[in-house]
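In this chain, residues are counted from 1 in sequence order.
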Amino acid sequence: MSLDAATVRRIAKLARIRVNEEEVSTLQNELNAILGYVEQLAEVNVEGVEPLSGGAQMALRQREDKLTDGDMAEKILANAPDRIGNFFAVPKVVE
């Protein structure tokens, strides 16, 4: 399968991508290369290979759920306009 320049312009219009005339030939070559790769994939023998519907079949690695303060209070508060200890100081809004 090979795309012509008019088809590339139509694809760009459908994708709402502005394409200059000098870019059309580059995009045409790139899209044709992608379609050629897809055609190669269609030739691969997948007989006997179970389809994979997603990563749901794999067990997820879990980390220990522990609470920490991150040990980064000084870095976090370095640019704070005002602070009280290891906390941001916020002006009183409601009287």
Side-chain angles (χ1 to χ4, degrees):
M1 174 180 237
S2 181
L3 299 176
D4 60 353
T7 306
V8 172
R9 285 188 204 93
R10 176 141 171 79
I11 291 170
K13 182 179 179 185
L14 290 172
R16 296 181 181 190
I17 300 171
R18 185 181 308 145
V19 177
N20 298 330
E21 282 302 314
E22 52 271 2
E23 295 174 318
V24 171
S25 63
T26 304
L27 285 174
Q28 183 178 358
N29 293 335
E30 290 176 1
L31 289 172
N32 284 329
I34 292 169
L35 291 175
Y37 182 69
V38 171
E39 287 176 355
Q40 284 181 354
L41 289 176
E43 296 172 3
V44 174
N45 182 10
V46 292
E47 190 173 320
V49 177
E50 290 290 321
L52 181 66
S53 62
Q57 291 94 1
M58 299 185 308
L60 297 176
R61 292 182 288 164
Q62 296 183 351
R63 61 175 170 81
E64 183 182 345
D65 189 16
K66 60 183 177 181
L67 181 64
T68 67
D69 65 355
D71 295 326
M72 297 174 38
E74 288 303 319
K75 286 183 180 179
I76 293 170
L77 294 169
N79 292 324
D82 193 13
R83 65 188 266 188
I84 299 172
N86 283 340
F87 301 98
F88 289 96
V90 180
K92 188 174 183 178
V93 180
V94 180
E95 297 276 340

- prompt: How many angstroms lie between CG in L3 and CD in E30, if you round to the nearest 0.5 Å?
  reply: 12.0 Å
field: R83 to N86 - nearest heavy-atom pair and separation
entry: NH2-OD1, 3.7 Å
Which pairs of donor and acceptor atoms, one on a side chain in residues 6-20, lie under 3.5 Å apart (sequence neighbours left out)?
{"unit_1": "T7", "atom_1": "OG1", "unit_2": "D4", "atom_2": "OD1", "d": "2.4"}
{"unit_1": "R9", "atom_1": "NE", "unit_2": "E21", "atom_2": "OE2", "d": "3.1"}
{"unit_1": "R9", "atom_1": "NH2", "unit_2": "E21", "atom_2": "OE1", "d": "3.0"}

- prompt: With ILVMFWY side chains joined below 4.5 Å, transitively, what does V90's cluster contain besides itself?
  reply: none
- line: Minimal heavy-atom distance between F87 and L77, with the atoms involved, is N-CD1, 3.8 Å
- prompt: CD1/I34 to CG/N29 distance, rounded to the nearest 0.5 angstrom?
  reply: 11.0 Å
- prompt: V24 and A5: which non-hydrogen atoms are nearest, and at how many Å?
  reply: CG1-CB, 3.8 Å
